[in-house]
Amino acid sequence: MRVSVIIPVLNGEAFLAQAIRSARNQSLPPVEIIVADNGSTDGSLAIARGFGSPVRVISVAQRGAAAARAAGYSEATGEALIFLDADDLMAPDTLAHLAGALQKADRAIACCPWRRYELVGDCWRAGPASCAPRRPWHDDIAAWLTGWYHPPCSVLWSRSGYEAAGGWDPTMSVNDDGEMMLRALIAGVPLIRSGGGIGYYRRQPSGMMSLSGHNWSAEGLQARLRVLEKVETQLRETGRAGQYSAALAEAYDIIARACQSGIPNAIGEQAEAGRHRNGGFGLTRRKMRRLGERAGRALKPRAIPGSALARSSDEPLSATQETDPLVSVILPTYNRAATLDRAVRSVLLQDYRNFELIVIDDGSTDETSSYISTIQDKRLRYLRQERNQGVAAARNVGMAAAKGQLIAFLDSDDAWMPEKLARQVAQMQRSARRVGLLYTGLAIEHADGSIETWRPHARGYVLGKMLQRNIVHFGTSSTMIRAEAAEVVGGFDTTWPANEDHDYWVRIARFYEFDFDAEPLAVYDLGGTSEGVEGKRSARFNRNMRARNMFVDRHGFEASRFGSAYTYQMESARRHLRSDEGDAGAGRLLLLKAARAAPLRPSPYIWLAASFVPRGLRASAMASLRSLKSKLQPGVAKGNA
């Protein structure tokens, strides 16, 4: 199926490039991306034109997102269309799943799950959909009227479905997408749920206003009232107003209640009249439910799994990009003068030469600054923070100063093999643009001097796997990311006591695929042998477990959808029961949560019984089991997050 992506924009330079990349990097590539410019006076036009094919730019004189979308439709050639706002994003498999759903139905609209996307501190975070929950007795029309909806970034229209709806109404200023969707549903166009894909609906940062941000203004409430009155008229004309009277009354009531100070009385009075007209005077939720059930419209959502469409977008980086792109190496350090030399030299002696090395001194009180002053290499930049703020903050400082198209991370007690950058840059250039992170195998140094080799095994769209455990394994020193990925997800979260890298990789995995080089190209110091250094933070049990709890709070809603919650909770429980520092009571609670996530699996109950065995006997038994598992599965990585 040929899909056209239409992006309306008016002064959207802050996020437009991210939206275009999100569309361009799909596993089912769109046939075209039409940027419908609505009179931008900032850098939006230059950004859009800078992409080249398949991006086309058209100018739309009539103001309004609906007019821009309608103009984009008139230029589109695809059999299906998605209207992506200039600040929204899609997971890399979204178009494939939506198109797969449309292929199984005629004259239809496909929708996928969606998340809100908002800035908290330096981090862009995903959260659950911020709309009213759908009630089981509601069909699509009733649900949409009462606050359940899908934003445009999660909706794919067939041409016939779009035409049955009558297209965009250019006179609409707010809620134009909801108005067109309701017209389509009233016309009998089915709304089909895809089995996968995710749309990300951005909440603008403080001080910026998106179109949806006007929903609760006087103008927005007036526009919503107008939509309701149009929908009510259409339902009356088709003889179905009585069937949806409860939903209409509730929709009018929402507007009436929103008419507080500063909103003209006339809007509230119109809304009150609409509520009363639909029998909403003194309406209770119980009565609404009774009316809905009597209408016989308790339709269950129809889900169609995405098709196994070929992953055909293996297009490498543009030929116009530099042959040897600049790599920014981010190296944070704190009181590690003893190991810093090995780390720095391992970068400066790389076979690949076009890089900048940014050393961020996070308030060291040892000889770090004196050591750096002895290095005479123009590629090295030294940034010092006067007080220690933590490794996440230091990495963020380095990324803010970075100039490269690619970013590589190195901890100050780790090191690289000489060919590490050269191999990763070459692989990144060969890879499809949707690959946003490369990681490598590791040579893991233990405190006794022994070396263990670890090799990666997971690639592609790995979000589900990342929600189970950190597939990148120890630390950050094997990783390279595209700078554009950092633009999309922001910085590392400075509030985490440990495992901030796992959180960061999850945030990248929402929008990009991962790939790896299996060779051990980075040396990871597991022993934490530096004198006067706290060692690896994640090795500290209590901090690690607090971070794991934060991980569940932050990403649990997605983990449940991917079926990853069970695996993560089981691993947390096992850590409590294995460790001398663990809390057996906390472990049992986690086992109960794991059992609730997967009640038919036996492991939680076996471990729950084992938790009452004395710790010494339990530890011995667990050690034997781990040894047996290691012999049976020598390539399986140990968990670290």
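FYI, the numbering just counts along the sequence from 1.
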**OP:** With salt bridge (charged side-chain N to carboxylate O under 4.0 Å, His left out) as the test, would you mind laying out the steps for E484 and R482 before giving the verdict?
**Re:** CA-CA 5 Å; E484 67 184 55; R482 297 194 194 277; 5.0 Å; no
So does [X] pair up with [Y], basic N to acidic O under 4.0 Å?
X: E581; Y: R575; result: no
X: D411; Y: R395; result: yes
X: K420; Y: E519; result: no
X: D493; Y: R554; result: yes
X: D140; Y: R193; result: yes
X: E558; Y: R561; result: no

Sub-4.5 Å side-chain heavy-atom contact between [X] and [Y]:
X: D517; Y: Y439; value: no
X: D414; Y: V523; value: no
X: L592; Y: Y605; value: no
X: C153; Y: L89; value: no
X: L182; Y: I141; value: yes
X: W505; Y: I471; value: no
X: I82; Y: V155; value: no
X: Y201; Y: D87; value: no

**OP:** Assert yes or no for the condition that the ring centre distance of Y200 to W114 is strictly below 6.0 Å.
**Re:**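 Centroid distance Y200-W114: not below 6.0 Å, so no.
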Original post:
Do the ring centers of F511 and Y117 come within less than 6.0 Å of each other?
Top reply: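 Between Y117 and F511, which both carry aromatic rings, the centre distance is below 6.0 Å.
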**OP:** Apply side chain to side chain donor-acceptor pair (under 3.5 Å) to the pair H555 and D503, showing each step before the final yes or no.
**Re:** CA-CA 9 Å; H555 304 294; D503 169 68; 2.8 Å; yes
Original post:
Could you walk me through whether T146 and E250 pass the side chain to side chain donor-acceptor pair (under 3.5 Å) check?
Top reply: CA-CA 6 Å; T146 53; E250 184 178 355; 4.7 Å; no
Of all heavy-atom pairs between [X] and [Y], which one has the smallest distance, and what is that distance?
X: G490; Y: M399; answer: O-CE, 4.5 Å
X: M545; Y: S572; answer: CE-O, 3.6 Å
X: W144; Y: G178; answer: NE1-CA, 3.7 Å
X: N396; Y: G491; answer: OD1-CA, 3.3 Å
X: I407; Y: A486; answer: CD1-CB, 4.4 Å
X: L467; Y: Y568; answer: O-CD1, 3.7 Å

Original post:
Looking only at side chains, do Q468 and Y566 share a donor and an acceptor under 3.5 Å apart?
Top reply: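 Result is no, nothing qualifies.
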Answer yes or no: is there a donor N or O on one side and an acceptor on the other, between the side chain of [X] and the main chain of [Y], under 3.5 Å?
X: S564; Y: G464; value: yes
X: R543; Y: A498; value: no
X: H576; Y: A586; value: no

Original post:
Do the numbers put R588 on top of the ring of F612, so that NZ or CZ is under 6.0 Å from the six-membered ring centre and no more than 45° off the axis?
Top reply: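 Yes, a cation-pi geometry holds between R588 and F612.
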**OP:** Assess R202 against W124: is NZ or CZ under 6.0 Å from the centre of the six-membered ring, and within 45 degrees of the ring's axis?
**Re:**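 Yes, R202 lies over the aromatic ring of W124.
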Original post:
Among L98, L156, L81, whose side chain to side chain contact (heavy atoms under 4.5 Å, CB included) with V3 holds?
Top reply: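 The residue from L98, L156, L81 that satisfies side chain to side chain contact (heavy atoms under 4.5 Å, CB included) with V3 turns out to be L156.
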Original post:
How far does CZ of R116 sit from SG of C131, to the nearest 0.5 angstrom?
Top reply: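 Reported to 0.5 Å precision, the distance equals 10.5 Å.
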**OP:** Determine the interplanar angle of the F492 and F409 rings, folded into 0 to 90°, and report it as parallel if under 30°, tilted if 30 to 60°, perpendicular if over 60°.
**Re:**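 F492 vs F409 ring planes: perpendicular.
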Subject >> Mutual orientation of the aromatic rings belonging to H502 and F551 [parallel < 30°, tilted 30-60°, perpendicular > 60°] >> reply: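 H502 and F551: parallel rings.
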**OP:** Inspect the surroundings of CG in D106 and state if more than 12 heavy atoms from other residues, nucleotides or ligands are less than 6.0 Å away.
**Re:**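 Open.
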